[in-house]
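The structure appears below as C-alpha cells.
Values below: every heavy atom of this structure, side chains too, minus hydrogens, waters and symmetry copies.
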Amino acid sequence: MKHVRLLVLTEDLPQASLALAKTLSFHPDTRPPTETRLDELPGRTYRDTFSQAQSRLTKITRLLPLTAAPELAAVRVVTFAELCELNAQLGALWNDASRYEEEFRQLDDAERLIKEQLAALENFAHLNIDLSLLHNKTRFLAFHVGLVPRENLRQLEGAVQLAGHILLIYKQQDDQAQIVIVGPTDHDAPLAPLLAAAGFQNLPIPAELDRKPAELLEDLAAHRLAIAEQRRALHTRLEQWGEPFREQLLAAQHTLMLAEPLVTLDSALRSSGQLAHLAGWVPARAVASLKRQLRQSLTQPFDLSWRNPRPDERKLVPTVPLKSRWLAPFALLVKQYGIPAYGEIDPTPLFAATFLLMFGMMFGDLGHGAVIAGAAYWARHKLPDFYLFGVFAGISSMLFGLLFGSIFGYEDIISAWWMSPLHDPILMLEVALGWGIIFIIVACLLGIYNRLVIGDVIGAVFERHGVINLLFYLAFLTGGYGLATAGSFGTLPSILAIITLLALAAFQWHHLNAPTGEKILVVVIETLDTIIVYLSNTLSFLRVSAFSLNHVALALAIFTLADMMGVFGHIVTLILGNIFILVLEGGIVMIQVMRLQYYEGFSRYFSGDGHAFAPLQLRRKTVVN
C-alpha cells in the first residue's frame with residue numbers, strides 16, 4: 001500500500017474525483033495536510049448543494065417510485081453550476097409534490113384517529129348503551145367503568161353492594177374483567193379505597209364515543225372506506241401529475257451519481273487559493289494506472305507523489321480484502337472477529353482449510369454430509385453469499401464419511417478407507433491430539449511473524465504466544481512425550497522449560513509497575529497460567545475425537561430405539577433420528593469448531609483491529625424505490 005498526495009487546480013477537482021473513482025483504487029485519507037496554508041475546504045459548498053438536491057430527490061421518489069434505474073452510460077463532470085440548476089429544479093418539483101404529501105399525511109392522521117377510536121371502542125363493545133351517559137357523574141348517579149383482576153372480583157362485588165352500589169360485569173378476558181359500577185353520588189366517596197384495594201383500573205371514555213358501540217362501529221367502518229377511496233383517488237392524481245417528470249427524475253439520479261465522488265472526497269479535500277490538496281491510500285500495483293488515468297482526464301497540470309506508510313501510520317492504512325468467490329463465506333466469519341491490520345496475515349485461507357478439516361473429522365458421515373451440501377445448494381438463491389460454506393462443509397463431511405466408512409450412521413454398508421472412530425478410538429484421540437499440537441504451533445508462528453512485521457521484536461520474543469512461549473511449549477511437549485513413553489520428562493526439556501519460564505517471569509517483573517508483594521503474586525500467577533493455558537489448550541482439541549465418537553454413539557442409540565419398533569415405527573424413528581443428528585449435533589459441532597478457531601487460533605495470531613479498504617467509486621446503478 002502506498003500513501004499518495006495529489007495537488008490539482010481547484011477547478012479540476014470534479015474531473016479529478018471522477019478519474020480517481022474510475023480506478024477503484026483510491027481510499028481517501030481524511031487527515032489534514034501538514035502544510036498549514038492548505039486550510040480551506042473547497043468541496044463544502046458543492047457537498048451542501050448535493051445533499052440538498054439528494055434529499056429533495058429522495059422525498060420526491062418516495063411519492064413517485066421510479067420503475068427503472070439509471071446506468072452510467074457516459075461519465076462526465078458535473079459542474080457546480082449544473083448542480084445548482086438541478087437543485088433548483090428539484091426544489092420546484094418538491095414544492096408541487098409536497099402538496100400531495102400533505103394530503104397523504106392528513107389521510108394518515110384521519111385513519112390513525114379511527115384506529116384509536118376502534119381500540120378504545122373495543123373496551124365497550126359489549127355495552128349496548130349510549131356511552132355519552134357514562135362520561136360524567138349525574139346529579140344522582142356516579143359511574144365507574146374499568147378493569148379489575150378476576151381474582152379480586154368476588155370480594156369487590158360484595159364490598160360494592162355494602163356501599164350501596166351495583167356492579168355489572170360486561171366482559172371477561174384472560175385474567176381481567178371489565179365492569180361498570182353504578183351508585184348514588186352521595187355514597188361515592190367511600191368507594192375510592194375499595195377500588196384501589198381491588199386493583200381497579202379506570203377506562204376513560206373518549207368524548208368522540210357518544211353513542212351506542214354498534215352504531216359507532218358502523219360509522220367508523222364507513223369512514224375507513226371513505227378514506228381508502230380518497231387515498232386511491234389521490235394516488236391516481238399523483239401518478240397523472242408525476243408521469244411527465246419521470247424521465248427528468250431519472251436524469252437527476254444520473255447526475256447525482258456522477259457528482260457523488262467529489263462529495264465523498266469532501267472530508268479529505270483541502271485547498272489554498274487555486275491549489276487543492278488530496279491524499280489517500282492506493283495499492284502499490286495500482287499507482288501507475290492511477291497516474292495514467294489522471295493524465296488522460298485532467299487538462300491542467302497536476303502533481304502526484306507517493307511514499308511508503310510510516311510506522312506511526314500503520315493503524316491508519318486500510319487492508320485490501322481477499323477477492324475470492326470460494327473464500328467469500330469464510331471471510332464473512334473472519335470479519336465477525338475483526339479485519340486484518342495492515343501487514344498482518346489474512347487468516348481467511350488458513351481458517352477455511354482448518355475449519356473444514358475439523359468439521360469433517362467431527363461430523364464425518366457420507367449421508368449426512370450429502371444432505372448438508374444438498375440443502376446448502378438448494379438455498380443458494382436465498383443465501384447467495386453463504387451457501388458455498390454449507391456446500392464445502394457437507395463435502396468435507398462426506399470425505400471423512402468415506403474415510404470412516406459411515407453413511408447415515410451405518411458402518412456396515414461401505415468399507416472404511418482409513419479407520420472407524422468407534423473401533424479405534426485410541427487412534428482417533430492420538431490424531432486429534434496431534435492435530436491440536438500442530439494447530440497451536442502454527443498459530444504461535446503466525447503470531448510471531450505478525451509482531452515482527454510491525455517491528456515489535458520484544459513482543460515477538462517475550463509477549464504471550466511469542467518465541468519464549470513457543471520454546472516452553474515445545475519443551476513441554478517433548479518432556480510429556482518422554483514421560484508417556486519412557487517414564488522420564490528428560491533433562492534437556494526440563495532445563496529448557498525452566499529457563500523459558502524464568503525468562504517470562506523476569507520479563508513480567510521488569511515491566512510490572514507495582515509494590516514488591518504484588519509483583520511477586522502477579523508473576524507467579526502469570527507463570528503458572530502459561531503452563532495451564534498450553535496444557536488446557538492442547539487437551540481442548542480432544543473434543544475433535546470426542547465428537548467423532550459422539551456421532552457414532554448417537555447413531556447407535558437411534559438404531560437401538562428403531563429396533564424396538566415395528567416396521568413403520570422403525571422407519572419413522574430412523575428418519576426423525578437422522579434429522580435430530582443433523583440439526584442438533586451439526587449445530588453443536590459448528591459451534592465447537594468456531595470456538596477452536598476463535599479462541600485457540602485467532603487469540604494467538606490475529607489482532608483484527610484493522611479497517612477495510614473502501615475505494616472511491618462510481619455507483620453503476622442506483623437503488624430503485
Open item on the list: Before you tell me yes or no, could you show the steps for His611 and Lys315 under side chain to side chain contact (heavy atoms under 4.5 Å, CB included), namely the whole-Å CA-CA distance, both residues' side-chain angles and the distance that decides it to 0.1 Å?
Closed with: CA-CA 8 Å; His611 59 281; Lys315 291 186 177 297; over 6 Å; no

The ring pair (Phe, Tyr, Trp, His ring centres under 6.0 Å) partners of Phe355 (sequence neighbours excluded) come to Phe351, Phe389

**Request:** Using a strict cut-off of less than 4.0 Å between a Lys/Arg side-chain nitrogen and an Asp/Glu carboxylate oxygen, indicate whether Glu239 and Arg246 qualify as a salt bridge.
**Result:** yes

Above 12 or not: heavy atoms from other molecules or residues under 6.0 Å from CD of Gln274? no

Ser305 meets the side chain to side chain contact (heavy atoms under 4.5 Å, CB included) criterion, sequence neighbours left out, with Arg5, Asp303

query = Are the side chain of Ser271 and the backbone of Ala276 linked by a donor-acceptor contact shorter than 3.5 Å?
reply = no

Could you walk me through whether Gln300 and Asp12 pass side-chain hydrogen bond (donor to acceptor under 3.5 Å, both in side chains), step by step?
CA-CA 7 Å; Gln300 302 293 335; Asp12 267 355; 5.5 Å; no

By side chain to side chain contact (heavy atoms under 4.5 Å, CB included), Phe104 pairs with (sequence neighbours left out) Leu63, Arg231, Leu234, His235, Leu238

TODO: Determine whether the side chains of Ser297 and Gln293 contain a donor N or O and an acceptor N or O closer than 3.5 Å.
DONE: yes

Q.
Between Leu7 and Leu278, is there a side-chain heavy-atom distance shorter than 4.5 Å?
A. no

By salt bridge (charged side-chain N to carboxylate O under 4.0 Å, His left out), Glu103 pairs with (sequence neighbours left out) Arg237

Contacts of Trp241 meeting ring pair (Phe, Tyr, Trp, His ring centres under 6.0 Å) (sequence neighbours excluded), chain-then-number -> Tyr100, Phe245

Note to self: Main chain of Ile345, side chain of Asn450: is a donor-acceptor contact present, judged purely on distance under 3.5 Å?
What the structure shows: yes

For Arg314, the side chain to side chain contact (heavy atoms under 4.5 Å, CB included) test, sequence neighbours excluded, returns Tyr342, Val453, Ile454

- Task: Could you walk me through whether Arg307 and Glu313 pass the salt bridge (Lys or Arg N to Asp or Glu O under 4.0 Å) test, one step at a time?
- Result: CA-CA 12 Å; Arg307 58 172 173 80; Glu313 294 178 319; 2.9 Å; yes

So, does Ser397 use its side chain to make a donor-acceptor pair with the main chain of Ala393 at under 3.5 Å? no

With sequence neighbours left out, the residues meeting side chain to side chain donor-acceptor pair (under 3.5 Å) with Lys291 are none

Taken in chain and number order and not counting sequence neighbours, the residues that satisfy salt bridge (charged side-chain N to carboxylate O under 4.0 Å, His left out) with Asp109 are Arg105, Arg112

Contacts of Lys59 meeting side chain to side chain donor-acceptor pair (under 3.5 Å) (sequence neighbours excluded), chain-then-number -> none

Distance-only donor-acceptor hits, side chain of residues 369-388, under 3.5 Å, sequence neighbours excluded:
from, atom 1, to, atom 2, distance (Å)
Arg380, NH1, Tyr377, O, 2.9
Tyr387, OH, Arg325, NH2, 3.0

Is there a side chain to side chain contact (heavy atoms under 4.5 Å, CB included) between Leu333 and Thr348 once you walk through the steps?
-> CA-CA 9 Å; Leu333 293 175; Thr348 304; over 6 Å; no

Sequence neighbours excluded, the answer for side chain to side chain contact (heavy atoms under 4.5 Å, CB included) partners of Arg595 is Ser540, Arg543, Tyr599, Glu600

Exercise for review: Just do the side chain to side chain contact (heavy atoms under 4.5 Å, CB included) check on Tyr46 and Asp266 with the steps written out, would you?
Suggested key: CA-CA 9 Å; Tyr46 193 95; Asp266 173 65; over 6 Å; no

Residues pairing under side-chain hydrogen bond (donor to acceptor under 3.5 Å, both in side chains) where one sits in residues 13-30, two or more places apart or in two chains, turn out to be His3-Asp29, Thr23-Ser25, Asp29-Arg31

N/O donor-acceptor pair under 3.5 Å between Ser55 side chain and Ser51 backbone: no

* **Greater than 12 external heavy atoms within 6.0 Å of Glu102's CD** => yes

